[in-house]
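Below, chain A is the first sequence line, B the second, and so on; all start at residue 1. Computed from a predicted model, the values in this text were never measured in an experiment.
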Amino acid sequence: MNFVEELQWRGMIHDIMPGTEEHLNKEMTTAYVGIDPTADSLHIGHLVGVMMLKHLQQAGHRPVVLVGGATGMIGDPSMKSAERNLLDEPTLRHNQESIKKQLMRFLDFNSGEANSAVMVNNYDWMKDFSFLDFIRDVGKYITVNYMMSKDSVKKRLSSESRDGMSFTEFTYQLVQGYDYLHLYKELDCKLQMGGSDQWGNITTGTELIRKTVGGEAYALVCPLITKADGGKFGKTESGNIWLDAAKTTPYQFYQFWLNTSDQDAEKYIKIFTLLNKQEIETLVKEQVEAPHLRPLQNRLANEMTILVHGQEALETSIEASQILFGRGSTQTLKKMDEPTFLSVFEGVPIFTIEKVALQEGVNIVDLLAEKSSVFPSKGELRRTIAGGGLQLNKEKIDNGDRLVGMGDLLNDKYLLVQKGKKSFYLLIAE
RNA sequence: GGGGAGAUUCCAGAGCGGCCAAAUGGGGCAGACUGUAAAUCUGUUGUCUUUCGACUUCGGAGGUUCGAAUCCUCCUCUCCCCA
């Protein structure tokens, strides 16, 4: 199975330029994906592009990761409906380093082979490019008419858009197009990949290559990852799902994948894991036969957690999940020794309170909304209690007057607060 | 430079000077049902208060008025059209 076929059955091809597959079959091809260094960690939205590069490398081609130091300073109009904040250079450099470390879990940068992965930063060649040089050497080849016909631009110029588009943003596709030209010349890069929203930007690049050096370059984009319910992929109420354990704990990461809806699970497992076609088909069959066991979600969560955080983190996450969602009760919680307890609740938001306050017993509303900030307001807490959504140490609280005292402490130190089904908070009395 | 439209709560978007903490939809949160899924139904969604109620909010600053999201003045910002 070649690279294109591989992506095909995984549902990772949205659009591909004619001739791309032929070229890939003909020779080892260098291809790149751009990543914006807007943060010092990748989030799971980035993984689609990363997985494309992974498959590419496995097929014997050379992956290039382009960190958009320059383009990240501009902001891609197709990404957002509004103008973006600009980043400064030290931040960009720091972010690039962190991102590379994460990418090394996926791509081989030091294989010594011809298809060893490469990372470049377009800031390096854009920073000294003068405005005059740019408009003469690049701008000259592309007409404004062509640029305006791109969807990303049209959308922003239409009257539905609430904001205008700055010249800076308008220029974005030219800068990205020039990146492609630069890599074409320097690294013999003949393929650019990305999300389908990048199609317009990528084709500006191929157009530029054709017009300036008469070269042939290709494009391949994957569909935008969506959720069946129309929500945005990779977001939870607390924001992005990051690869960095400090931003998103392994437990939360694991839970994210486990919570995937049935409709999405098959799609995600194809895109994000390296399981082969047969393995996935088997899992799908199991899912149909025993949907309550959720074989797809379980496998997906396992694979992803191992890939990003390692085996040990996976085991802790599973253990924590079983205690929190399984038949955990006040008794099981009390029986746990402290190290186990702490490892299970690693990553759960922690609040500290004064132990003294508990000696006389304290009203639960005051405890959670005043003595600690588990809840932002008393009103919200009362509503949650009234709706039966609050548990203390796995025991339902149905009265806002409930007094919490020393006897409620687990291991003489902890209180486990649960809001709804999935949100846990840990109180430490000191 | 000229003309027009606009800024309301998480978002979108209503809002005769009092009945406006502000319609409606979306989103969020919670409950029921379930499989930590989806769909559906219910509740809730400024702060404080057990209740009554009190207080702070409608771009900013002033003003008119017994009373302002609503009227007036100035300012800031945004969009559109013409030149």
Side-chain angles (χ1 to χ4, degrees), chain A residues 77 80-84 154-167 169-170 226-239 241 249 251-269 283-284 286-302 304-305 317-328 344 347-349 363-366 368-371 373-392 394 396-403 417-425:
Chain A
K80 295 224 166 69
S81 52
E83 191 91 6
R84 169 179 304 194
K154 267 197 282 192
K155 215 178 292 167
R156 288 289 293 279
L157 291 178
S158 74
S159 43
E160 295 142 46
S161 174
R162 322 191 94 240
D163 312 286
M165 178 168 62
S166 67
F167 178 71
E169 278 187 294
F170 181 59
T226 53
K227 291 205 299 183
D229 62 10
K232 215 168 171 181
F233 170 76
K235 297 262 190 184
T236 64
E237 76 266 25
S238 46
I241 301 293
T249 64
Y251 168 75
Q252 290 167 327
F253 185 84
Y254 173 82
Q255 281 287 325
F256 171 81
W257 296 106
L258 193 64
N259 275 314
T260 307
S261 71
D262 288 11
Q263 271 181 293
D264 293 325
E266 182 183 345
K267 186 167 68 187
Y268 293 174
I269 205 165
L283 286 168
V284 170
E286 285 173 28
Q287 184 88 343
V288 172
E289 282 162 9
H292 60 284
L293 295 178
R294 293 175 296 148
L296 278 173
Q297 284 95 331
N298 272 306
R299 189 63 187 272
L300 176 64
N302 286 6
M304 295 315 291
T305 309
S317 303
I318 291 178
E319 197 185 344
S321 302
Q322 276 168 354
I323 290 167
L324 296 179
F325 292 101
R327 257 159 256 124
V344 164
V348 167
N363 181 295
I364 192 155
V365 172
D366 291 336
L368 298 181
E370 217 166 72
K371 301 240 186 291
S373 46
V374 177
F375 283 80
S377 81
K378 290 188 181 181
E380 185 179 328
L381 176 52
R382 285 209 186 86
R383 284 192 292 271
T384 305
I385 293 175
L390 186 78
Q391 292 182 54
L392 178 71
K394 294 296 266 183
K396 188 168 265 187
I397 300 296
D398 46 17
N399 187 345
D401 295 331
R402 165 76 147 82
L403 288 180
V417 178
Q418 180 177 1
K419 177 185 166 226
K421 281 197 185 93
K422 298 177 194 170
S423 312
F424 293 89
Y425 309 89

In 5'-to-3' order, the base (B), backbone-only (S) or no-contact (-) status of each nucleotide in nucleotides 41-50 of chain B, using a 4.0 angstrom heavy-atom cut-off, is ---SS-SSSS
Any strand, both distances under 3.5 Å, Watson-Crick or G-U wobble: B:U44 pairs with B:G28
Looking only at atom C1', what distance separates B:G1 and B:A69, rounded to whole Å? 34 Å
**Asked** If you measure from the P atom in B:G46 to the same atom in B:A22, how many Å do you get, rounded?
**Response** 9 Å
Taking B:U70 as the reference, what is the distance to B:U57 when you measure between their C1' atoms (whole Å, please)? 15 Å
Taken to the nearest whole Å, CG/A:D401 to P/B:U51 is 12 Å
Could you work out the separation of B:G59 and B:U76 based on their C1' atoms and round it to a whole Å?
8 Å
For B:A23 versus B:G35, give the span between their C1' atoms, rounded off to a whole number of Å.
39 Å
Review point. Do the rings of A:W257 and A:F233 sit parallel, tilted or perpendicular, given the 30° and 60° boundaries?
Key: tilted
Going 5' to 3' through nucleotides 31-39 of chain B and flagging B where a protein heavy-atom sits under 4.0 Å of the base, S where only the sugar-phosphate is that close, and - otherwise, we get S-BBBBBSS
Checklist entry - Roughly how far apart, to the nearest Å, are B:G63 and B:G17 at atom C1'? => result 15 Å
- Using atom C1' of each nucleotide, how far apart are B:G15 and B:G25 to the nearest Å? 15 Å
The Watson-Crick or G-U wobble partner of B:A83, with both key distances under 3.5 Å, is none
Practice item. Give a yes or no on whether the backbone of A:L296 and the side-chain of A:Q287 come within a donor-acceptor separation of less than 3.5 Å. Key: yes
Taking a pair to mean Watson-Crick or G-U wobble geometry with both distances below 3.5 Å, B:U51 pairs with none
Answer for the Watson-Crick or wobble partner of B:U78, both distances under 3.5 Å, is B:A5
Sequence neighbours excluded, the answer for side-chain contact (heavy atoms from CB on, under 4.5 Å) partners of A:D401 is A:N363, A:N399
By side-chain hydrogen bond (donor to acceptor under 3.5 Å, both in side chains), A:R299 pairs with (sequence neighbours left out) A:E303
Residue set satisfying side-chain contact (heavy atoms from CB on, under 4.5 Å) with A:K419, at least two apart, ordered chain then number -> A:F375, A:E380, A:T384, A:S423, A:Y425
- Query: Distance-only, no hydrogens or angles: does the A:Q297 side chain make a donor-acceptor pair with backbone N or O of A:L300 under 3.5 Å?
  - Reply: no
Taking a pair to mean Watson-Crick or G-U wobble geometry with both distances below 3.5 Å, B:U70 pairs with none
For A:I323 and A:K394, the nearest pair of non-hydrogen atoms, with its separation, is O-CE, 4.2 Å
On a heavy-atom basis, the closest approach of A:K422 and A:N259 is NZ-OD1, 3.7 Å
Sorted by chain and residue number, the side-chain contact (heavy atoms from CB on, under 4.5 Å) partners of A:R402 (sequence neighbours excluded) come out as A:I364, A:L392, A:E395, A:I397, A:V404, A:D408
In whole Å, measure the gap between the P atoms of B:A68 and B:G62 for me. 14 Å
